Every structure is written in structure tokens, then in C-alpha cells.
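Worksheet: one structure, shown below.
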Number of protein chains: 2
Amino acid sequence: MKACCDNHINPEKAKNLLSLNGLNRTKTKVEILVELSKSKTPLSASEIHQHLGSESCDISTVFRTINQFKEKGLVKELNLGEEFFRYEVTSSGPGHDHHHHHHVRCRDCGDIKLIEKCDIAIFEKMISKLGYQKMEHHLEFTGICSQCS
Amino acid sequence: MKACCDNHINPEKAKNLLSLNGLNRTKTKVEILVELSKSKTPLSASEIHQHLGSESCDISTVFRTINQFKEKGLVKELNLGEEFFRYEVTSSGPGHDHHHHHHVRCRDCGDIKLIEKCDIAIFEKMISKLGYQKMEHHLEFTGICSQCS
DNA sequence: ATGGATGCAAATGATTTGCATGAAG
DNA sequence: CTTCATGCAAATCATTTGCATCCAT
């Protein structure tokens with residue numbers, strides 16, 4: 001599997017994105033956006049916190065910031081069968097296209113790889129070519145039901 | 001969408017299943033298995049606990065029991081984009097076939113419906129026929145990677 | 001009897017919230 | 001200035017664990 005597309009956001013772009021989404025251009029927001037975009041795999045809140053280093057913001061600020069990013073659609077929350085969520089950048093702004101994709105996670109070592117095409121049959125072939133065994137998949141849909149829309 | 005297949009397990013069958021899987025036939029285990037099998041939708045640990053009533057076992061026992069069921073493959077743990085897991089019976093023993101399926105959950109009211117066929121294109125058509133809008137799906141794989149197997 | 005099962009309380013981990021202070025527009 | 005952002009501590013919520021006791025085999 002090839003590495004994740006380069007979604008890297010530098011501080012300049014981060015500030016732009018924040019403004020475009022009506023968010024304040026604070027140091028913390030810029031750092032979190034940059035950090036998330038640098039990662040090849042989705043990060044948990046606590047990983048983001050660690051990556052920023054102890055001198056940086058509080059973990060509660062990481063959560064608050066991520067929640068704002070989620071509301072703006074800047075990041076996507078992922079369930080990879082763990083006890084916590086992971087997050088990835090969904091939009092990197094002009095010049096950075098985000099494409100629909102999914103992940104494979106090893107239930108043993110936790111390694112996470114990206115898979116790019118969205119079709120189960122193709123997916124399973126690709127993943128077994130990667131050497132994965134005992135594959136399981138979790139396909140769940142959400143939407144707004146007729147009563148609610 | 002049709003209702004879930006009838007996976008109902010009565011206390012007799014529950015005891016059988018427990019023995020078959022090398023688990024003790026305790027009142028609590030029987031109750032939880034029966035309760036889970038009665039539900040049309042997957043239940044969370046706390047829902048199971050509530051359904052059993054206040055006079056029943058402790059929530060910690062629900063978790064311990066579910067974990068044993070998971071290990072034995074009697075129940076499956078599901079991620080429906082919530083902050084907690086849900087569980088469903090995977091095997092109802094002889095005479096009860098469990099089939100591979102997925103779910104749709106309304107992001108607004110939380111209602112969960114069963115979808116039976118495992119193909120994304122078919123799924124999305126079926127779900128939009130149900131009146132769902134703004135559909136999103138989460139397809140994630142797990143497996144054992146080549147280094148671990 | 002003996003090991004597994006359970007209740008209860010305390011511990012853990014992820015996530016959220018209240019409040020007082022500091023920074024962005 | 002005035003709103004929003006942040007740190008810190010405390011609160012929640014889901015889940016786990018330790019320990020003493022009780023039940024299934």
C-alpha cells in the first residue's frame with residue numbers, strides 16, 4: 001500500500017484554513033492542524049497531545065480544538081475498533097485534495113495502513129495481498145432518517 | 001428493511017450454548033444471553049444492565065460476561081459511531097444461523113436498523129430507499145498483519 | 001472442596017465542563 | 001473592549017480491577 005497522500009499543512013496554510021472556517025488563528029489551533037496533517041495515520045487526542053510536547057497545550061484544549069475542527073468539517077473522527085477515537089484531516093484547503101479512503105488496522109500490533117479504493121471486494125483483495133490474515137471488516141452507515149429530516 | 005432475523009434464545013438454549021462453549025451456566029450469563037438475543041438492535045452494556053432491571057447483576061458483571069462471550073465468539077462488539085460499544089449475538093447455536101450484516105444508525109435520533117447484504121453499492125441504494133439522507137459510511141478492516149502472523 | 005462468578009468500591013482512561021485568566025479581532 | 005481560547009481541576013462516562021464472598025461443578 002502506498003503511503004498516505006501528502007496532506008501536509010504548513011503554518012501559513014493552517015492560518016488560512018482557520019480564517020476560511022471562521023476560527024481564531026491561535027498558536028494551539030495552528031499546531032494541532034499542522035501536526036494532524038503531518039501524520040501518515042490518524043491520531044488520537046492523546047497522541048496529538050504527546051506529539052506537541054509537554055510544554056504545549058492541555059489535553060482538554062486538544063479535545064476542544066478537535067471538536068471545533070469536526071464541526072467545521074476540517075477533521076474526521078474515526079473508529080478503528082479501539083477504545084478511543086482517532087482523527088484525520090479531511091480538507092487541506094486549496095491545492096490539497098482529500099479523497100475518500102479507509103484503513104486497515106492490525107488487531108495484534110495496532111499498525112494502521114491506508115486503503116484507497118472504496119469497494120469491499122477490491123479492498124479485501126488488496127488487503128490480503130498485504131499479508132493480512134483473519135480479516136474482519138466493520139461497515140456501518142449513518143445518515144439522517146426520514147423522521148428526522 | 002425487514003426486522004432482524006429471529007435469533008431468540010430461550011433459557012434452555014442459553015444453557016446449552018454456555019456448556020458448549022465451556023462457560024458456567026449461571027443465572028447472570030443466561031439472562032444476558034437471552035436479553036441480547038431478544039433485542040432487534042445491538043445493545044450497549046448499560047442498556048443490557050437496565051433491561052435486566054435493578055434487582056439483577058452489577059454493571060461490572062455485565063462487562064465481564066460480555067468479555068467472556070466475546071472471547072468465545074458468542075457475541076460481536078460493534079462500533080456505531082457512539083462513545084461506547086454495542087453488542088449482538090453472533091451465534092444462536094443449532095437451528096439458528098447468524099448471517100453477516102451491518103447497520104444504519106440515524107445520527108439524529110439514534111435509531112438503528114439492520115441491513116442485510118454486504119455490498120456497498122447495494123447498501124447505499126437500500127438505505128436511501130429507506131429515506132435516509134446525508135449518508136456516511138465507516139468501513140474499517142482489521143486483521144493480523146504479516147509481521148504478527 | 002475448588003475454581004470460577006459476583007457485588008461493591010475503587011481505579012483507569014477518554015472526554016467534557018466550570019471557572020478564572022489571558023489572548024485575538 | 002468583548003468574545004473566544006486556554007489551563008487547571010473537577011466531573012462524567014465507559015470500562016476494568018482488587019478483594020472478599022458465594023455459587024457451579
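Letters A, B, ... mirror the listed sequences (proteins, then strands); counts begin at 1. These numbers come from a predicted model, not from an experiment.
With hydrogens and angles left out, the side-chain atoms of B/Glu88 and B/His103 include a donor and acceptor closer than 3.5 Å. Looking only at atom types and distance, the side chain of B/Ser60 has a donor-acceptor partner in the side chain of B/Asp58 under 3.5 Å away.
Within 4.0 Å (heavy atoms only), B/Glu82 reaches no atom of the nucleic acid at all.
Taking the salt bridge (charged side-chain N to carboxylate O under 4.0 Å, His left out) definition, one finds that B/Lys70 meets it with B/Glu77, sequence neighbours left out.
Although no hydrogens or angles enter the test, the distance criterion places no donor-acceptor pair under 3.5 Å between the side chain of B/Thr61 and the main chain of B/Cys57.
Distances from the side chain of A/Phe85 to the nucleotides C/dT15, D/dA5, C/dA5 place C/dT15 closest. When distances are taken from the side chain of A/Ile59 to each of D/dG7, C/dT15, C/dT6, the shortest belongs to C/dT15.
Distance A/Glu55 CD to D/dC8 P: 13 Å, rounded to the nearest Å. One interatomic measurement links the two molecules: CD1 of B/Ile66 to P of C/dT6, which rounds to 12 Å at whole-angstrom precision. With rounding to whole Å, B/Ile32 atom CD1 is found 12 Å from C/dA5 atom P. Rounding to whole angstrom units, CG of residue B/Leu80 and P of D/dA14 are separated by 15 Å. Taking atom CG of residue A/Asn67 and atom C1' of nucleotide C/dT17, one finds them 12 Å apart after rounding to whole Å.
Its side chain within the 4.5 Å cluster rule, B/Leu80 clusters with B/Leu78, B/Ile112 among the Ile, Leu, Val, Met, Phe, Trp and Tyr residues.
With rounding to the nearest 0.5 Å, the separation of OH in B/Tyr87 from OG1 in B/Thr65 is 11.5 Å.
Proximity of A/Gln68 to the phosphate of D/dA5: a side-chain N or O atom is located under 4.0 Å from OP1 or OP2. Phosphate contact (OP1/OP2 of D/dT6, side-chain N/O of A/Thr28, threshold under 4.0 Å): present.
Comparing B/Tyr87 and A/Thr61, the nucleotide of DNA chain D nearest to each residue sits closer to the 5' end for A/Thr61. Two residues, B/Lys70 and A/Thr65, neighbour DNA chain D, and the one matched to the more 5' nucleotide by heavy-atom proximity is A/Thr65.
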Look for any protein N or O under 3.5 Å of an N or O in nucleotides 23-25 of chain C and output each such pair with its distance, or none.
none

Between the protein and nucleotides 9-13 of chain C, list every N/O to N/O distance that falls short of 3.5 Å.
none

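Of the residues in residues 42-51 of chain B, none lies under 4.0 Å from DNA chain C by heavy-atom distance.
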Nucleotide pairing, DNA chain D (Watson-Crick or G-U, distances under 3.5 Å), in dot-bracket with [ ] and |: ||||||||||||||.||||||||||
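Put simply, the side chain of B/Lys29 does not reach to within 4.5 Å of the side chain of B/Arg25, judged on heavy atoms.
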